[in-house]
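Treat the numbers as computed from the prediction; the structure is a model and nothing was measured. Order of the sequence lines sets the chain letters (A, B, ...), proteins ahead of strands, with each chain counted from 1.
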Protein chains: 2
Amino acid sequence: MNKNIYMHIYNDYSAQIQSGSLSAGQKLPSENELAEAYGTSRETVRKALHMLSENGYIHKIKGKGSFVLDTQRMSFPVSGLVTFKEVSERLGRSVRTIVYENECVPSTAEIARCLQLKDLGPVWKVVRAREIEGEKIILDKDYFLTTYVPSLSIEAATNSIYEYLEQKLHLPISYAKKEISVEEVTPEDKQLLDLHDYQHIVVVRNYVYLVDTTLFQYTESRHRLDKFQFVDFARRVQN
Amino acid sequence: MNKNIYMHIYNDYSAQIQSGSLSAGQKLPSENELAEAYGTSRETVRKALHMLSENGYIHKIKGKGSFVLDTQRMSFPVSGLVTFKEVSERLGRSVRTIVYENECVPSTAEIARCLQLKDLGPVWKVVRAREIEGEKIILDKDYFLTTYVPSLSIEAATNSIYEYLEQKLHLPISYAKKEISVEEVTPEDKQLLDLHDYQHIVVVRNYVYLVDTTLFQYTESRHRLDKFQFVDFARRVQN
DNA sequence: AATCCAATCTTGTATATACAGGTTGTAAAC
DNA sequence: GTTTACAACCTGTATATACAAGATTGGATT
């Protein structure tokens, strides 16, 4: 967990801020004080503080110090790759996952394009609905390169696929691109979700890359529009 | 522009990658080579490379080097605060801004809540429509604290407000929070936009903070849903 | 020919130091 | 009393150095 010193400091303070034991506006110890407290150098402390700043936990002011930001108001996910499981656990809501499909299929032309496949090779396909408080709100359609994910158990699909991929397969997931748009509902959406009479649906296309920059997963996450929300934290310039 | 050495290196490479003179997959010089080339230290080079990595321009692999990511495929905005003017200029589309309202008004209860005002003091209100290729697609409603923005000219509202705030008023904008959701259209939306028959609209709520962490602007950007797109780049862990 | 290993690249982490420049409070000067 | 100057903090930038650890290469050994 805390392999590095700066990660240790980062985890300490991000946890304290998330839990609320450090409240908004409060001043952190100075960099020199933290360096002494953790028995390390100022540069190492600065690395941790920079990460806290980048992730919206604190705000640094030259000449004054580091101050806790209002993460309650910020809500979450504060950008970044956050899985459904992580979010639903934090929400503390009654949540259920229904697996409709979990098998190896030949890729269609569209999927091949999304995964940058040259030939129409096989892909592992997972289709799941996310039920929140009795209503099927989200339809997740995942496609994996069989090179990296030859097969997937129903248990893994029902729980967190990311947990399985990272902890069991040790796939080095590095970064992802999200595209959010609104599209017309498909017959499949109507069939697999509780859509009421909405004619449109929010589509989040997620392209996930490994550390060697190969695109190995494409996910289409289709949200009923009244339940969709996305939060993003951004800095104007680097501090 | 290039006050710092690491900013200089960052600007050099981000420009080269954006322009395409460095293409995807290409390897950057090693950190030691860059340090020598710029006549600086390795740590300074690393700061620049870290920023390029955070902003989705490059990808670092331990033991191998830094590699250019496919920013074409990434498209933009690669997260961050990107103004309408910046986006439309990059798109090269015919774009027009229509200012409906630009005046000081007493704040409503809802606006006071959004701007965290204790009393219902005055705010500077700007309402603008963005016309893209002949259709009014986006409705921007801006509210500013009069403490920081006592007034705003029609020219500033028609061009880029950010440009005016940062370059003329020298307001130290620091960070912002975006919330994206989908809501039902209001009579005002129908009146001020070319909405066709859409019953819903994408609402991007933008809370902009200064370096002293005071919230000074609240913006509601209302997009016709067929034209809305948001792109986000995220790293799983820090590299 | 295949395997192993050491040398040598690369990036990642950590430390110590120096100075620039913003912020604040205090003491001296007016 | 008000202003000015300064010292003592703070963070920001930059440099030099050291070692750890992943990647690659080529040569020696098997």
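Residues satisfying the side-chain contact (heavy atoms from CB on, under 4.5 Å) test with A:Thr219, not counting sequence neighbours, are A:Asp142, A:Asn206, A:Gln217. Among residues two or more places apart in sequence or in another chain, the ring pair (Phe, Tyr, Trp, His ring centres under 6.0 Å) test is passed with B:Phe228 by B:His223. By the side-chain contact (heavy atoms from CB on, under 4.5 Å) test, B:Ile61 pairs with B:His59, B:Lys64, B:Phe67, sequence neighbours left out. Remark: B:Lys141 engages B:Glu188 in a salt bridge (charged side-chain N to carboxylate O under 4.0 Å, His left out) (not counting sequence neighbours). By the side-chain contact (heavy atoms from CB on, under 4.5 Å) test, A:Ser21 pairs with A:Gln16, A:Ser19, sequence neighbours left out. Listed by chain and number, the residues in a side-chain contact (heavy atoms from CB on, under 4.5 Å) with B:Thr40 are B:Ile5, B:Ile9, B:Tyr38, B:Thr44, B:Val45 (sequence neighbours excluded). For A:Lys125, the salt bridge (charged side-chain N to carboxylate O under 4.0 Å, His left out) test picks out A:Glu101, with sequence neighbours left out. Taking the ring pair (Phe, Tyr, Trp, His ring centres under 6.0 Å) definition, one finds that A:Tyr13 meets it with nothing, sequence neighbours left out.
For DNA chain D, none of the residues of residues 25-34 of chain B falls under the heavy-atom distance limit of 4.0 Å.
Contact annotation: B:Lys47 does not reach the phosphate of D:dA14 (side-chain N/O to OP1 or OP2, under 4.0 Å). When the side-chain nitrogen and oxygen atoms of B:Tyr6 are compared with OP1 and OP2 of D:dA14, none of them lie within a distance under 4.0 Å. Phosphate proximity of C:dT13 to A:Thr44: absent, as no side-chain N or O sits under 4.0 Å from OP1 or OP2.
Within a 6.0 Å sphere centred on CD of A:Gln26, other residues, nucleotides and ligands contribute more than 12 heavy atoms.
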N/O to N/O distances under 3.5 Å, protein versus nucleotides 23-27 of chain C:
from	atom 1	to	atom 2	distance (Å)
C:dT23	O4'	A:Gly63	O	3.4
C:dT24	OP1	A:Lys64	NZ	3.4

For nucleotides 3-8 of chain C, give me every protein contact, N/O to N/O, under 3.5 Å, one pair per line with atom names.
none

Atom pairs and distances, donor-acceptor, side-chain atoms in residues 148-156 of chain A, under 3.5 Å, two or more places apart:
from	atom 1	to	atom 2	distance (Å)
A:Tyr148	OH	A:Thr214	OG1	3.4
A:Ser153	OG	A:Ala156	N	3.1

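Between the CD atom of A:Glu43 and the C1' atom of C:dA18 there is a distance of 12 Å, rounded to whole Å. The CZ-P distance, from B:Arg42 to D:dA16, rounds to 13 Å in whole Å. Across the protein-nucleic acid pair, B:Arg46 atom CZ and D:dT13 atom P stand 16 Å apart, rounded to whole Å. Remark: P of C:dT13 and CG of B:Leu49 are 14 Å apart, rounded to the nearest angstrom. Computed from coordinates, the B:His50 NE2 to D:dT13 C1' distance equals 16 Å when rounded to whole Å. Atom CE in A:Met51 sits roughly 11 Å away from atom P in C:dA14 (whole-Å rounding). Computed from coordinates, the A:Lys60 NZ to C:dG21 C1' distance equals 15 Å when rounded to whole Å. With rounding to whole Å, A:Asn4 atom CG is found 11 Å from D:dA21 atom P.
You'll find the side chain of B:His50 stays beyond 4.5 Å of the side chain of A:Lys47, heavy atoms only.
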